[in-house]
Amino acid sequence: MAKARYSRLPGRKSSSSSTMILTMLLTFTFVILILLALGILSIPGTNSSSRKANDLSSIVHTSHLSSDGDYDDDGGKGERWAEVISWEPRAFVYHNFLTKEECEYLINLAKPNMQKSTVVDNETGKSKDSRVRTSSGTFLQRGRDKKIREIEQRIADFAFIPVEHGEGLQVLHYEIGQKYEPHFDYFSDEFNTRNGGQRIATVLMYLSDVEEGGETVFPAAKGNFSAVPWWNELSECGKKGLSVKPKMGDALLFWSMNPDASLDPSSLHGGCAVIKGNKWSATKWMRVNEYKI
């Protein structure tokens with residue numbers, strides 16, 4: 001009886017396919033190794049200089065330096081640039097956000113209408129006097145002129161929040177000894193959240209330099225605060241948390257809400273007392289009626 005013959009061709013094809021796959025894997029691995037060796041590619045977590053969430057010493061590596069290694073007083077000759085200063089809360093500084101002319105324009109526009117600053121009553125949602133806030137200020141109508149509209153659009157682009165979600169600019173003036181105790185920008189009352197929505201983010205623009213004091217401090221922020229390059233220049237109040245020194249033209253953006261729509265308690269912040277000089281600033285609060293994931 002003749003025995004059936006079985007073809008070995010399928011086996012040869014399988015062997016050929018396996019060889020091809022193995023060759024491709026080896027080639028791919030070889031290419032990856034070359035890219036790693038040349039520094040073109042890096043593996044996440046293996047780079048010793050990679051930024052950690054609350055490691056504020058990395059701010060040093062992104063700040064502008066002059067030719068002699070010191071920090072430039074003019075922030076890189078007026079160049080606009082931004083840096084992350086914190087992830088808890090999420091906070092960013094946009095250097096030279098406003099020009100000197102724009103800062104002076106906002107100050108001169110506000111001066112005739114300055115009044116004692118107030119705070120929001122959590123029970124009624126209305127404004128009231130308080131010892132925790134001793135500055136003077138006034139609101140500028142949203143979109144009141146071309147310059148204001150340009151600034152408001154710039155703020156919207158910086159925060160990635162539409163212009164329509166922004167309140168009118170509030171210009172504030174702090175004299176020597178004046179301050180704003182730590183507080184939250186988000187609302188705890190139903191009146192304000194129903195009428196205009198919750199405050200999601202704040203953009204604070206510094207309109208003048210301050211000789212000493214006047215820092216914006218986040219006492220509940222997480223991070224190694226003493227690692228920031230301007231630590232030795234801070235007042236005692238400024239050393240109680242993560243602080244930003246006022247510099248004419250700079251803008252500070254921080255978020256009062258987390259990406260999951262929960263309120264962020266680490267956004268607690270205040271304005272340290274001015275020790276020497278005067279402080280002018282302009283604040284824009286961004287609000288949302290609904291914030292869903």
Side-chain angles (χ1 to χ4, degrees), residues 63-64 73-76 78-86 89-111 113-114 117 133 135-163 165-175 178-180 183 185 199-211 213-218 230 238 242-256 267 269-272 274 277-287:
S63 298
H64 279 233
D73 292 332
D74 61 357
E79 179 185 355
R80 285 177 177 166
W81 57 286
E83 64 180 337
V84 180
I85 63 167
S86 172
R90 292 179 292 156
F92 315 84
V93 173
Y94 195 136
H95 298 274
N96 302 301
F97 184 78
L98 297 176
T99 65
K100 180 181 178 180
E101 290 72 23
E102 287 173 330
C103 292
E104 293 174 346
Y105 179 78
L106 292 175
I107 292 174
N108 292 329
L109 202 61
K111 274 184 177 180
N113 303 305
M114 301 296 285
S117 300
R133 192 180 193 188
S135 61
S136 59
T138 188
F139 279 93
L140 302 179
Q141 183 180 1
R142 191 175 69 184
R144 60 173 290 164
D145 59 39
K146 182 180 178 181
K147 287 189 177 181
I148 297 296
R149 288 193 295 272
E150 289 176 351
I151 293 172
E152 289 177 332
Q153 184 59 58
R154 199 179 309 156
I155 292 171
D157 293 340
F158 180 26
F160 287 93
I161 299 176
V163 173
H165 288 264
E167 298 182 23
L169 285 171
Q170 184 185 42
V171 179
L172 296 170
H173 180 221
Y174 295 82
E175 297 180 359
Q178 293 187 331
K179 61 181 180 178
Y180 195 175
H183 61 282
D185 276 359
R199 283 177 174 169
I200 183 175
T202 300
V203 176
L204 194 162
M205 294 161 286
Y206 301 106
L207 306 181
S208 66
D209 295 317
V210 181
E211 293 183 58
E215 301 95 344
T216 303
V217 59
F218 295 88
W230 52 85
L242 173 63
S243 294
V244 178
K245 283 180 60 63
K247 178 182 176 299
M248 179 188 285
D250 283 0
L252 167 64
L253 163 65
F254 63 91
W255 295 79
S256 297
S267 66
H269 65 285
C272 293
V274 174
N278 283 274
K279 175 184 175 182
W280 285 87
S281 64
T283 303
K284 166 76 77 172
W285 291 288
M286 315 300 286
R287 299 171 73 164

Enter the distance from [X]:[atom1] to [Y]:[atom2] here, rounded to the nearest 0.5 Å.
{"X": "Glu102", "Y": "Ile107", "atom1": "CD", "atom2": "CD1", "result": "12.0 Å"}
{"X": "Ser136", "Y": "Gln178", "atom1": "OG", "atom2": "CD", "result": "6.0 Å"}
{"X": "Ile151", "Y": "Met205", "atom1": "CD1", "atom2": "CE", "result": "6.5 Å"}
{"X": "Leu207", "Y": "Asp250", "atom1": "CG", "atom2": "CG", "result": "11.0 Å"}
{"X": "Ser135", "Y": "Leu172", "atom1": "OG", "atom2": "CG", "result": "4.5 Å"}
{"X": "Glu167", "Y": "Trp285", "atom1": "CD", "atom2": "CH2", "result": "6.5 Å"}

Do the side chain of [X] and the main chain of [Y] share a donor and acceptor less than 3.5 angstrom apart?
{"X": "Asn96", "Y": "Glu79", "result": "yes"}
{"X": "His269", "Y": "His183", "result": "yes"}
{"X": "Ser243", "Y": "Gly238", "result": "yes"}

Can you confirm whether [X] sits close enough to [Y] that some side-chain heavy atom of one is under 4.5 Å from a side-chain heavy atom of the other?
{"X": "Arg80", "Y": "His95", "value": "no"}
{"X": "Leu252", "Y": "Tyr206", "value": "yes"}
{"X": "Thr202", "Y": "Leu253", "value": "no"}
{"X": "Ile148", "Y": "Gln141", "value": "no"}
{"X": "Leu204", "Y": "Val244", "value": "no"}
{"X": "Val210", "Y": "Val274", "value": "yes"}
{"X": "Thr283", "Y": "Leu169", "value": "no"}
{"X": "Glu215", "Y": "Lys245", "value": "yes"}

So, for [X] and [Y], which heavy atoms are closest and what is the spacing to 0.1 Å?
{"X": "Lys147", "Y": "Asp145", "value": "N-OD1, 3.1 Å"}
{"X": "Pro162", "Y": "Ala156", "value": "C-CB, 4.2 Å"}
{"X": "Val217", "Y": "Cys272", "value": "CG1-SG, 3.8 Å"}
{"X": "Ser267", "Y": "Trp255", "value": "CB-O, 3.6 Å"}
{"X": "Ser208", "Y": "Pro246", "value": "O-CB, 4.2 Å"}
{"X": "Lys284", "Y": "Met286", "value": "CG-SD, 3.5 Å"}

(message) Any salt bridge linking Arg142 with Glu152? Criterion: basic side-chain nitrogen under 4.0 Å from a carboxylate oxygen.
(response)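 Salt bridge: no.
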
(request) Decide yes or no on salt bridge (Lys or Arg N to Asp or Glu O under 4.0 Å) for Lys279 and Glu175, but give the supporting numbers first. (result) CA-CA 7 Å; Lys279 175 184 175 182; Glu175 297 180 359; over 6 Å; no

Once the angle between the rings of [X] and [Y] is folded into 0 to 90°, is it parallel (under 30°), tilted (30 to 60°) or perpendicular (over 60°)?
{"X": "Phe218", "Y": "Phe254", "value": "perpendicular"}
{"X": "His173", "Y": "Trp280", "value": "parallel"}
{"X": "Tyr94", "Y": "Phe97", "value": "perpendicular"}

(request) Classify the side-chain pair Gln153/Asp157 by whether it contains a donor and acceptor separated by less than 3.5 Å. (result) yes

(message) Could you go through Leu106 and Glu104, starting from their C-alpha distance and side-chain angles, then the distance that decides it, and tell me whether this counts as side-chain contact (heavy atoms from CB on, under 4.5 Å)?
(response) CA-CA 6 Å; Leu106 292 175; Glu104 293 174 346; over 6 Å; no

(message) Evaluate Arg199 against Arg287 for side-chain contact (heavy atoms from CB on, under 4.5 Å), listing each step before the verdict.
(response) CA-CA 4 Å; Arg199 283 177 174 169; Arg287 299 171 73 164; 3.7 Å; yes

